[in-house]
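Before any comments, here is the structure.
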Amino acid sequence: MARTDAIVLGAGIVGVSAAIHLAKRGLAVALVDRGGPGEETSYGNAGIIEGNTYFPYPFPTKLTALLKIAFKQAPEANYHLSHLPKLAPWLFAYLRHSSGEAMLEFATKMRPLFAAAIAEHEALMREAGAERYLRTNGWLKIYRTTRAFDEAKSDLDAIAAAGLSFERLDVDGAMALEPGLSPVFERGIFWPQAASVSNPLAVTRAYVDLFRSLGGVTLTGDARSLHRANGRWRVDTSEGPVDAASAVVTLGPWAPELLDPLGIKLPLEVKRGYHRHFRPLGNKGLNRPVLDAEVGYAVVPMEQGLRLTTGAEFAHRDARPTPVQFDRLMPQARALFPIGDPIEAEPWMGRRPCFPDSMPVVGRAPGQPGLWLDYGHAHWGLTLGPACGRLLAEMMTGAEPFTDPVPYSAERFSR
């Protein structure tokens with residue numbers, strides 16, 4: 001019987017980051033996953049570390065946008081009709097939380113985490129020898145029409161009032177940053193307070209090596225085997241059972257499989273998303289991620305090629321992949337940038353774990369002593385993994401948290 005201080009269940013970027021911060025504070029930590037580290041949700045993101053984020057992703061409210069989604073013509077969203085009855089209460093809650101005063105509440109509560117995001121990654125990258133993957137040259141958002149750019153003015157004014165920097169650009173200004181783009185757009189926003197990585201999987205693996213160098217142990221096992229044994233938490237692994245006084249759930253979209261049987265039922269849903277790598281045509285390249293705001297996709301330079309990422313798909317977590325959004329966005333993506341043939345035979349599908357208020361749960365699990373939660377990071381798992389890992393480790397070891405953790409508690413859903 002192996003005995004440790006803490007078991008971390010889930011080896012994505014969130015779990016690996018939490019494991020590192022616990023190990024750095026002197027705890028003996030076992031990191032357990034049924035697969036390879038970073039090979040699920042953490043693998044397929046746009047690679048942006050969004051230190052600039054202020055508001056949550058908005059729910060579409062314009063009739064034209066809703067009709068396009070309803071008739072399955074929108075590149076930015078897709079859905080499975082059979083899943084909508086189950087999803088409807090969550091969607092209405094998401095709508096409430098992504099408009100009006102709720103957006104400002106999100107901004108206030110989440111700003112400390114986003115403000116710490118880049119510095120926390122930079123610290124881990126230095127220690128892990130992974131700085132070669134980091135770009136600190138921001139990201140670019142382009143608007144096909146001046147009308148859409150003007151509609152963002154109130155949000156941009158609020159962001160500027162909060163002290164976040166950005167640059168409003170015309171076509172020439174945007175193309176000075178990214179000369180490879182074609183002038184099929186009218187305006188742009190450059191966000192300098194953001195970074196990006198050229199290979200998210202490699203970053204997670206480098207962090208795993210750092211964790212091991214700190215004395216941490218990685219094991220293969222099924223998190224669903226977690227149970228109480230003699231007052232401690234026990235999980236079964238390929239190396240035998242492991243016991244610990246504390247267990248941390250960093251399972252992202254799979255967390256309910258473990259937590260529901262323990263009586264911890266929180267309103268988590270999944271936004272599925274896809275990516276695919278493409279070869280560039282000719283000798284043009286990109287220097288940073290570019291988001292095509294009105295079409296709803298990102299094109300990102302990665303070590304594997306140009307990564308195109310889709311918007312959200314609302315479907316059961318494990319339903320068959322339906323990457324139809326690529327058919328809708330590719331003509332416009334190729335008009336913006338010279339994109340060649342796909343590298344993979346099929347698009348990759350990931351699952352973003354989202355609460356209706358777009359904030360993660362970080363802290364104690366209700367009614368289960370010694371069980372801790374760190375999941376539900378929505379679109380910002382890569383961004384927030386190290387910052388939330390630090391916050392969680394400070395809470396678990398009795399240190400002074402770098403920010404008030406109350407807004408991220410699981411109890412917020414029962415108030």
Side-chain angles (χ1 to χ4, degrees), residues 7-20 30-49 121 133 197 199-209 211 216 218-226 235 237-238 247-260 266 268-277 298 300 302-304 307-323 344-355 360-362 373-386 388-389:
I7 301 166
V8 177
L9 299 165
I13 188 67
V14 172
V16 173
S17 299
I20 288 172
L31 178 63
V32 179
D33 200 304
R34 63 187 177 189
E39 293 180 359
E40 290 286 354
T41 306
S42 299
Y43 171 65
N45 51 71
I48 304 173
I49 303 171
H121 266 290
Y133 301 115
V197 298
N199 191 330
L201 177 60
V203 170
T204 302
R205 287 174 171 170
Y207 288 2
V208 170
D209 289 341
F211 168 67
T218 57
L219 298 168
T220 302
D222 191 332
R224 293 172 297 183
S225 68
L226 185 74
V235 67
T237 77
S238 59
V248 182
V249 178
T250 59
L251 293 168
W254 292 275
E257 293 186 25
L258 171 60
L259 296 176
D260 283 1
L266 303 180
L268 188 81
E269 281 293 343
V270 170
K271 294 182 186 179
R272 305 200 316 181
Y274 299 87
H275 85 230
R276 199 173 192 183
H277 294 107
V300 186
M302 293 282 183
E303 289 186 349
Q304 301 96 321
R307 178 178 290 185
L308 267 68
T309 68
T310 71
E313 180 179 67
F314 296 99
H316 187 277
R317 186 194 67 193
D318 299 325
R320 65 179 178 82
T322 51
E344 301 96 348
E346 298 291 337
W348 178 91
M349 186 186 79
R351 305 156 177 90
R352 307 176 186 99
C354 304
F355 290 108
V361 166
V362 183
L373 308 176
D374 187 3
Y375 77 110
H377 295 76
H379 297 261
W380 304 290
L382 173 66
T383 295
L384 297 178
C388 287

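All heavy atoms count here, side chains included; hydrogens, waters and symmetry mates do not. Treat the numbers as computed from the prediction; the structure is a model and nothing was measured.
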Indicate the atoms forming the closest heavy-atom contact of [X] with [Y], along with that distance.
X	Y	answer
Val16	Ala11	CG2-O, 3.6 Å
Val235	Ser225	CG2-OG, 3.2 Å
Gly376	Leu268	CA-CD1, 4.0 Å
Pro253	Arg317	O-NH1, 3.3 Å
Gly385	Ser17	O-CB, 3.3 Å

Before giving the answer on side chain to side chain contact (heavy atoms under 4.5 Å, CB included), spell out for Val197 and Ile49 the whole-Å C-alpha distance, their side-chain angles and the decisive distance to 0.1 Å. CA-CA 8 Å; Val197 298; Ile49 303 171; 4.1 Å; yes
Evaluate the criterion side chain to side chain contact (heavy atoms under 4.5 Å, CB included) for residue pair Ile48 and Leu382; output intermediate values, then yes/no. CA-CA 8 Å; Ile48 304 173; Leu382 173 66; over 6 Å; no
Gap between atom [atom2] of [Y] and atom [atom1] of [X] - 0.5 Å precision:
X	Y	atom1	atom2	result
Glu269	Cys354	CD	SG	9.0 Å
Met349	Thr41	CE	OG1	9.5 Å
Asp33	Leu9	CG	CG	9.0 Å
Phe355	His377	CZ	NE2	9.5 Å

Side-chain touch [X]/[Y], heavy atoms, less than 4.5 angstrom:
X	Y	answer
Tyr375	Thr250	no
Glu344	His277	yes
Leu373	Val362	no
Phe211	Thr218	yes
Met302	Asn199	no
Leu219	Ser238	no
Trp254	Val270	no

Check whether any side-chain N or O of [X] sits under 3.5 Å from a backbone N or O of [Y] as a donor-acceptor pair, and report yes or no.
X	Y	value
Thr204	Pro200	yes
Arg351	His316	no
Arg34	Thr220	no
Arg224	Leu258	no
Asn45	Ser42	yes
Thr310	Pro323	no
Arg272	Ala319	yes

Please lay out, stage by stage, how Tyr133 and His121 fare under the test side chain to side chain donor-acceptor pair (under 3.5 Å). CA-CA 11 Å; Tyr133 301 115; His121 266 290; over 6 Å; no
Carboxylate-amine/guanidinium proximity below 4.0 Å for Glu39 and Arg205: yes
Sequence neighbours left out, what passes ring-ring contact (aromatic ring centres under 6.0 Å, His included) with Tyr43? Give chain and number order. His275, Trp348
Residues two or more places apart in sequence or in another chain: which of them pass ring-ring contact (aromatic ring centres under 6.0 Å, His included) with Trp380? Tyr57, Phe106, Phe114
Scan Ile20, Val14, Val248 and name whichever one has a side-chain contact (heavy atoms from CB on, under 4.5 Å) with Val8. Val248
